Amino acid sequence: AREQRDQHIKLVKQGIDPRFARNRVIAENSKPSSTFENVMLEAFEAKKPTLKDGGKAGRWLSPITKHVIPKIGNLDITSLTQRDVANCLRSIWHIHPDVARKCINRINITIRHAAASGLEVDLGLTLKAKTLLGEQNHTETPLPSMPYLEVPDFYQSLAEPTLTHLALRLLILTNSRVGPLTKINLDQIHGDIWTIPKEIMKAEVKRAETFSIPLSLEAIDVIDLLKPFARDGNLFPSNGKHPVMSINTPRQHMVRRGLTARPGGFRATMKTWMIENSIGSDYIQETIMSHKVGTNVARRYTRTELIEQRRPIMERWAKFVTGNEIENVIEIRHG
């Protein structure tokens, strides 16, 4: 104890925090656990609570496991340089920019986790690596959508009461994303409102919020057709290893039919329909799209989802989709 005291006094006189020195010794003695791969897995475990299904889908791990770990996974994270990071991403930086951005984001999270663990790392590592890699000449390609004037004919072609046809019909009618639609459960439906749990909304768990969709009469009819198929309340049950229909099933149907549009594009279709026909204010349109509107402070004081304002728009969309929308009709009375 006296020897340790004397050592600590000596370190303090040199301007060194004894706790920092102790942590350095611990880090040096545990080199095998400070490889990039091990620290990355620790960072993943720490982030799990904010990921959908705890990251079970593998979307957080898969990019870095495929493109980063084979190249720098066994390197000690404290010895990692910006050139190491740049070299492992160079082959995908311009060819697969979205994947590359995910990788560099995960690397940055890992570096920050290492720093929080007391390891001596360069917090600016990924920024320097991006400078070495250069600007990505890439613009996001939106999901191919169907012109809204073609939707009524497409909707009519979904006449068979199969799960796939009914899924596409309900997807169009509710303006939902594909993921939440395949997971729709009778417990989520109350009257003519479908409330999507925050756990399956598109966002990290800590930022996600529940979202309610007013159901049109046509949407309710489709749900009634689905009820005989329900299993454990799931309206789109699967016979495979997963409890519900794959999100790829509606897409595969459209691919087989030779269509360029994709299921996720129907949201853009409805948005275009609202804009070009001056239906609803910008605020209501964005709310229908389940987009966050306004500043964080403004949203903190918002206590409404504008259900009553959205309901007639969803009903009008359903009538348009089914070919039953009648506008500018002049009634002619006889006699």
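Here the structure is a predicted model, which means the values were calculated and not measured. Count residues from 1 along the sequence.
Side chains of R310 and I213 form a contact here, defined as non-hydrogen atoms less than 4.5 Å apart. For the pair I184/T174, no side-chain contact is recorded, criterion being any heavy-atom separation below 4.5 Å from C-beta on. For the pair R106 and F44, the minimum side-chain heavy-atom distance is 4.5 Å or more. Counting only heavy atoms from C-beta outward, the side chains of D192 and R311 approach each other to under 4.5 Å. A heavy-atom distance below 4.5 Å is not found between the side chains of L235 and V244. Here the side chains of E199 and K183 are not in contact, with every heavy-atom distance at 4.5 Å or above. Within the 4.5 Å cutoff, the side chain of M314 has heavy atoms near those of the M270 side chain. The closest side-chain heavy-atom distance from V121 to V39 is not below 4.5 Å.
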>> Please determine whether side-chain contact (heavy atoms from CB on, under 4.5 Å) holds for the pair L166 and F229, giving the CA-CA distance in whole Å, both sets of side-chain angles, and the decisive distance to 0.1 Å.
In response: CA-CA 11 Å; L166 293 172; F229 294 100; 4.2 Å; yes
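Panel note: side chain R231, backbone S238; a donor-acceptor pair is recorded below 3.5 Å. With hydrogens and angles ignored, the 3.5 Å screen pairs a side-chain donor or acceptor of E315 with a backbone N or O of L217. Looking only at distances, a side-chain donor or acceptor of K71 sits under 3.5 Å from a matching main-chain atom of C88. In this structure, H190 contributes its side chain and D187 its backbone to a donor-acceptor pair below 3.5 Å. Formation of a donor-acceptor pair under 3.5 Å by the N234 side chain with backbone atoms of M245 is not found in this model. At least one donor-acceptor pair under 3.5 Å links the side chain of Q156 to the backbone N or O of T322. Looking at W93, its side chain does come within 3.5 Å of a backbone N or O of G134 through a donor-acceptor pair. Remark: side-chain polar atoms of E120 are not paired, donor with acceptor, to backbone N or O of T78 under 3.5 angstrom.
Under the 4.5 Å side-chain heavy-atom criterion for ILVMFWY residues, no single connected hydrophobic cluster contains both M254 and L143. Criterion: ILVMFWY side-chain heavy atoms under 4.5 Å apart, direct or through other members. Under it, V255 and L171 are not part of a common hydrophobic cluster.
Considering all non-hydrogen atoms of both residues, I247 and T182 come closest at CG2-OG1, 3.9 Å. Closest non-hydrogen pair, L173 versus Y155, comes out as CD1-OH, 3.3 Å. Nearest heavy-atom pair across T269 and P147 is CG2-C, 4.2 Å. Contact detail for H113 and A46: the closest heavy-atom pair is CE1-CB, 4.1 Å. For Q285 against I275, the heavy-atom pair with the smallest separation is OE1-CG1, 3.6 Å. Taking both residues in full, the closest heavy atoms of I313 and G280 are given as CD1-CA, 4.0 Å, listed atom of the first, atom of the second, then distance.
Scanning for ring pair (Phe, Tyr, Trp, His ring centres under 6.0 Å) contacts around H165 gives H253, with sequence neighbours left out. Taking the side chain to side chain donor-acceptor pair (under 3.5 Å) definition, one finds that S246 meets it with nothing, sequence neighbours left out. S157 pairs by the side chain to side chain donor-acceptor pair (under 3.5 Å) definition with R257, not counting sequence neighbours.
Between the CZ atom of F154 and the CG atom of L259 there is a distance of 6.0 Å, given to the nearest 0.5 Å. Separating the CD atom in Q136 from the CD1 atom in I104 is a distance of 8.0 Å, to the nearest 0.5 Å.
Residue D6 qualifies as enclosed at atom CG: its count of foreign heavy atoms under 6.0 Å is above 12.
S212 and E305 form a side-chain donor-acceptor contact under 3.5 Å, judged by distance and modelled atom types alone. Residues Q309 and Y283 have side chains that never bring a donor and an acceptor to within less than 3.5 angstrom of each other.
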